There are 2 protein chains.
Amino acid sequence: MTDLVRNEVQEKLINGVFNCPKEFTLSMFSGKWKINIIYHLGKEGAYYFSEIERLLPAASHKELSEKLKELAADGLVKRTEVKDQRIKVSYSLTPLGESLLPIVNAMYDWGTKRLRELKLDDKATFGLGEVKRPASEK
Amino acid sequence: MTDLVRNEVQEKLINGVFNCPKEFTLSMFSGKWKINIIYHLGKEGAYYFSEIERLLPAASHKELSEKLKELAADGLVKRTEVKDQRIKVSYSLTPLGESLLPIVNAMYDWGTKRLRELKLDDKATFGLGEVKRPASEK
DNA sequence: CGGAATCCAGTGCGATACTG
DNA sequence: CAGTATCGCACTGGATTCCG
């Protein structure tokens with residue numbers, strides 16, 4: 001989903017039938033890498049595109065490009081072109097993007113705490129019950 | 001994705017290479033309908049499966065079934081079988097699930113506020129910039 | 001009633017390659 | 001440097017059907 005959800009949510013918005021604020025919020029940052037981007041921009045300030053790529057080496061060029069575009073369209077991130085010798089593009093949070101930081105931080109804290117608890121449990125199961133494994137192991 | 005993210009996150013966990021608490025938290029409730037389920041169970045208490053279906057009529061039987069299973073596997077939701085004449089299954093939040101409520105509520109509040117702001121803008125654009133529209137209009 | 005299996009169309013996303 | 005287009009496979013999720 002993710003983009004599916006985002007599209008659905010935005011369609012509903014356009015048609016004026018939208019009524020679920022939490023889904024809307026989720027759709028803002030539940031795309032791949034989006035929270036990471038928001039988190040880093042919030043914590044460390046502006047980054048160039050190439051810096052973000054280095055920051056998140058597992059993310060593909062395409063994906064990053066698309067997600068940044070969405071974040072900008074949603075008004076969470078500001079895109080600024082800078083003429084160096086080549087053109088560079090700097091990304092930073094807008095005030096709206098910054099207003100999401102408390103939620104991102106709360107998620108960070110919750111995750112940290114929960115991961116610590118899990119490590120105290122049996123390492124084999126992690127207390128998670130069954131886990132679907134993809135067919136192909138990497 | 002969604003489940004993709006969830007699977008990735010859990011794989012990493014198993015392999016002990018996990019290091020991103022916020023992704024982990026996101027993976028807990030970013031599947032379709034999951035926040036809705038958590039929200040309702042948190043606000044109104046336990047529900048039977050069939051009640052949840054009625055509560056979220058747009059969600060398919062299959063989807064609800066799968067997501068509840070995941071929520072239970074993640075320890076956020078407790079599954080209880082009740083022998084009526086048929087077997088009914090009751091779902092409620094675990095304490096762990098309840099500990100997510102502050103985040104869900106923060107998302108609710110952020111979304112509410114943001115949606116209100118958007119309504120003050122031009123209704124045509126909603127201040128969102130471009131919106132991808134699916135090929136097929138429903 | 002609740003869940004699981006099967007089938008199938010629609011989408012996400014990586015790899016690669018091309019523009020300005 | 002940043003962004004876009006194309007291709008191809010894996011995954012999602014709706015509809016339907018079957019089991020306890």
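Everything quoted here is computed from the prediction, not taken from an experiment. The chains referred to below are lettered A, B, ... by the order of the sequence lines, with proteins before strands, and numbering in each begins at 1. Side chains included, hydrogens not; waters and symmetry mates left out as well; all remaining heavy atoms used.
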Using whole Å, what does the distance between atom P of nucleotide D/dC11 and atom NZ of B/K32 come to? 19 Å
For A/S99 and B/W110, which heavy atoms make the closest approach, and how far apart are they? OG-NE1, 2.9 Å
Under a 4.0 Å N-O cut-off, is there an ion pair linking B/E70 with B/K67? yes
Distance-only criterion, 3.5 Å: show the donor-acceptor pairs between side-chain atoms of residues 50-58 of chain B and protein atoms not counting sequence neighbours.
{"from": "B/E51", "atom 1": "OE1", "to": "B/Y48", "atom 2": "N", "distance (Å)": "2.7"}
{"from": "B/E53", "atom 1": "OE2", "to": "B/H61", "atom 2": "ND1", "distance (Å)": "2.9"}

Whole-Å distance between C/dG20 P and A/E81 CD? 15 Å
Residues within residues 36-43 of chain B bordering DNA chain C, heavy-atom distance below 4.0 Å: none
Treating B/T25 as the side-chain partner and A/M107 as the backbone partner, does any N or O pair qualify as donor plus acceptor under 3.5 Å? yes
Under a 3.5 Å distance rule, please check whether B/S90 uses its side chain to pair with a backbone N or O of B/T80 as donor and acceptor. no
In whole Å, what is the span from the CG atom of B/L64 to the C1' atom of D/dA15? 15 Å
Check whether any side-chain N or O of B/S92 sits under 3.5 Å from a backbone N or O of B/G45 as a donor-acceptor pair, and report yes or no. no
DNA chain D in dot-bracket, Watson-Crick or G-U pairs under 3.5 Å, [ ] crossing, | other strand? |||||||||||||||||||.
For the pair made of CD in B/E63 and C1' in D/dC11, what is the distance, rounded to whole Å? 12 Å
Protein-nucleotides 1-5 of chain D N/O pairs under 3.5 Å:
{"from": "D/dA2", "atom 1": "OP1", "to": "A/F49", "atom 2": "N", "distance (Å)": "3.4"}
{"from": "D/dA2", "atom 1": "OP1", "to": "A/V89", "atom 2": "N", "distance (Å)": "3.1"}
{"from": "D/dA2", "atom 1": "OP2", "to": "A/S50", "atom 2": "N", "distance (Å)": "2.7"}
{"from": "D/dA2", "atom 1": "OP2", "to": "A/S50", "atom 2": "OG", "distance (Å)": "3.1"}
{"from": "D/dG3", "atom 1": "OP1", "to": "A/R79", "atom 2": "NH1", "distance (Å)": "2.2"}
{"from": "D/dG3", "atom 1": "OP1", "to": "A/Y91", "atom 2": "OH", "distance (Å)": "2.6"}
{"from": "D/dG3", "atom 1": "OP2", "to": "A/Y91", "atom 2": "OH", "distance (Å)": "3.1"}
{"from": "D/dG3", "atom 1": "N7", "to": "A/H61", "atom 2": "NE2", "distance (Å)": "2.5"}

For A/I35 and A/L100: C-alpha separation, side-chain torsions, deciding distance, then whether side-chain contact (heavy atoms from CB on, under 4.5 Å) applies. CA-CA 10 Å; A/I35 345 175; A/L100 271 179; over 6 Å; no
Which atoms form the tightest heavy-atom contact between B/D74 and A/R114, and what is the distance? O-NH2, 3.8 Å
Per the ring-ring contact (aromatic ring centres under 6.0 Å, His included) rule, what does the pair list look like for residues 81-105 of chain B, sequence neighbours excluded? none
In this structure, which one of B/N36, B/D109, B/T112, B/N105 forms a side-chain hydrogen bond (donor to acceptor under 3.5 Å, both in side chains) with A/K22? B/N36
Quick one: B/W33 CH2 to D/dG14 C1', roughly how many Å, whole number? 12 Å
Residues forming a salt bridge (charged side-chain N to carboxylate O under 4.0 Å, His left out) with B/E81, sequence neighbours excluded: B/R79
